[in-house]
Peer 1: 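Below are the structure tokens for one structure; questions will follow.
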Amino acid sequence: KGPPLSRDQVALAPIVKHVVDTLHARATEVGGTLTTEVADDVKLRGDEDAIERVVLNLADNALRYGGKDVRVSIAARKEGDIVFVSVSDTGPGIPEEHRAKIFDRFHRGNTTQEGSGLGLAIARELAIAMGGTLTLSGASRFTLELPA
């Protein structure tokens, strides 16, 4: 384990913009689109780099596995003192039989694709290290919850 992650108050919008800019070429390659619904004033507590790694991993997976013309949405909402950052897509989603294990290390729901199966496990570990959670609801909506 590395050093504990910082829990600074960081603005979410610039992080999400950077993720969208980073993934622009991949989105174009697969005919996908990235949309965001993140208000400029949304702030959350966590490590800026770790938050970006989590959101980048989720959005990249959505583009990678969502199929042709996939639409990926990154949205944020604040409820009380929690910020919910969700990444969802219009792709086929994760088959039900894989959902319980999707955050396990080395589990790969789609074995036809390259990858170590570590991305979601690491993303969840980062969320927990910042005092938050990362969950999957339905077939294709991941939600990162962090303190505001």
Side-chain angles (χ1 to χ4, degrees), residues 1-67 69-94 98-110 115-148:
K1 289 272 181 210
L5 294 174
S6 66
R7 297 192 186 178
D8 302 322
Q9 193 166 50
V10 294
L12 182 61
I15 294 172
V16 170
K17 183 186 181 324
H18 191 247
V19 166
V20 170
D21 291 348
T22 301
L23 293 176
H24 180 77
R26 180 184 292 281
T28 303
E29 207 175 277
V30 299
T33 51
L34 285 158
T35 61
T36 61
E37 286 178 52
V38 179
D40 287 339
D41 61 351
V42 174
K43 290 186 170 50
L44 64 176
R45 291 208 168 274
D47 181 279
E48 194 166 344
D49 290 339
I51 294 166
E52 181 167 330
R53 279 182 66 188
V54 172
V55 176
L56 181 65
N57 176 273
L58 297 174
D60 184 49
N61 281 350
L63 287 171
R64 186 174 300 194
Y65 302 115
D69 301 328
V70 66
R71 289 195 314 278
V72 180
S73 169
I74 304 171
R77 70 182 199 284
K78 186 177 175 221
E79 287 181 18
D81 54 0
I82 302 285
V83 174
F84 298 87
V85 183
S86 65
V87 178
S88 55
D89 67 72
T90 59
I94 295 160
H98 292 291
R99 291 180 201 165
K101 292 187 169 178
I102 200 72
F103 293 107
D104 294 356
R105 282 182 169 269
F106 306 113
H107 179 79
R108 289 171 47 206
N110 182 341
S116 63
L118 284 171
L120 289 172
I122 291 169
R124 176 171 266 180
E125 286 168 17
L126 289 171
I128 291 168
M130 291 184 286
T133 63
L134 180 62
T135 55
L136 168 66
S137 54
S140 61
R141 175 181 295 273
F142 287 91
T143 303
L144 170 66
E145 289 178 39
L146 285 172

Peer 1: Are F84 and T135 side-chain neighbours, meaning at least one heavy-atom pair lies under 4.5 Å?
Peer 2: no
Peer 1: What is the minimum heavy-atom distance between A62 and D89, and which atoms define it?
Peer 2: CB-OD2, 3.4 Å
Peer 1: Near R53 CZ, under 6.0 Å, is it more than 12 heavy atoms from other residues, nucleotides or ligands?
Peer 2: no
Peer 1: For a quick test of reading the model, state the closest non-hydrogen atom pair linking L34 to A59 and the distance between them.
Peer 2: CD2-CB, 4.4 Å
Peer 1: For the residue pair F103 and L136, establish whether any side-chain heavy-atom pair is separated by less than 4.5 Å.
Peer 2: yes
Peer 1: For the side chain of R99 and the backbone of I94, is there at least one donor-acceptor N/O pair under 3.5 Å apart?
Peer 2: yes
Peer 1: Is any side-chain heavy atom of I128 closer than 4.5 Å to one of T133?
Peer 2: no
Peer 1: Please report the interatomic distance CZ(R64) to CD(E29), rounded to the nearest 0.5 Å.
Peer 2: 10.0 Å
Peer 1: Can you see which heavy atom on K43 is nearest to which on A11, and at what distance?
Peer 2: CG-CA, 4.1 Å
Peer 1: Is E37 close to R77 at the side-chain level, that is, under 4.5 Å between some pair of heavy atoms?
Peer 2: no
Peer 1: Evaluate whether atom CG of D40 has more than 12 neighbouring non-hydrogen atoms of other residues, nucleotides or ligands under 6.0 angstrom away.
Peer 2: no
Peer 1: Does the R7 side chain pair with the main chain of R45, one donor and one acceptor, at a distance under 3.5 Å?
Peer 2: no
Peer 1: Measuring from atom CE of M130 to atom CD1 of I51, what distance do you get when rounded to the nearest 0.5 angstrom?
Peer 2: 5.0 Å
Peer 1: Using 0.5 Å steps for rounding, measure from the CG atom of L63 to the OG1 atom of T33.
Peer 2: 8.5 Å
Peer 1: What closest approach, in Å, do A123 and L134 show between heavy atoms, and which atom pair accounts for it?
Peer 2: CB-CD2, 3.6 Å
Peer 1: L120 pairs by side chain to side chain contact (heavy atoms under 4.5 Å, CB included) with which of V54, L58, D104?
Peer 2: L58
Peer 1: How far apart are the C-alpha atoms of L146 and I82, what are their side-chain angles, what is the distance that settles it, and do they pass the side-chain contact (heavy atoms from CB on, under 4.5 Å) test?
Peer 2: CA-CA 6 Å; L146 285 172; I82 302 285; over 6 Å; no
Peer 1: Do E79 and E145 have side-chain heavy atoms sitting under 4.5 Å apart?
Peer 2: no
Peer 1: For the CG atom of L5 and the CG atom of D47, what is their distance to the nearest 0.5 Å?
Peer 2: 5.0 Å
Peer 1: Does a side-chain heavy-atom distance below 4.5 Å link V42 with K78?
Peer 2: no
Peer 1: When rounded to the nearest 0.5 angstrom, what distance separates CG in L56 from CD1 in I15?
Peer 2: 11.5 Å
Peer 1: How close do P147 and G131 get, counting heavy atoms only, and between which atoms?
Peer 2: CD-O, 4.0 Å
Peer 1: State, to 0.1 Å, how close A13 and A39 come at their nearest heavy-atom pair, and which atoms those are.
Peer 2: CB-O, 4.1 Å
Peer 1: Would you mind reporting whether N57 and I122 have side-chain heavy atoms less than 4.5 Å apart?
Peer 2: no
Peer 1: How long is the straight-line distance from CD1 of I74 back to CG of L144, given to the nearest 0.5 Å?
Peer 2: 11.5 Å
Peer 1: Hey, are the side chains of E48 and D8 touching, using non-hydrogen atoms and a 4.5 Å cut-off?
Peer 2: no
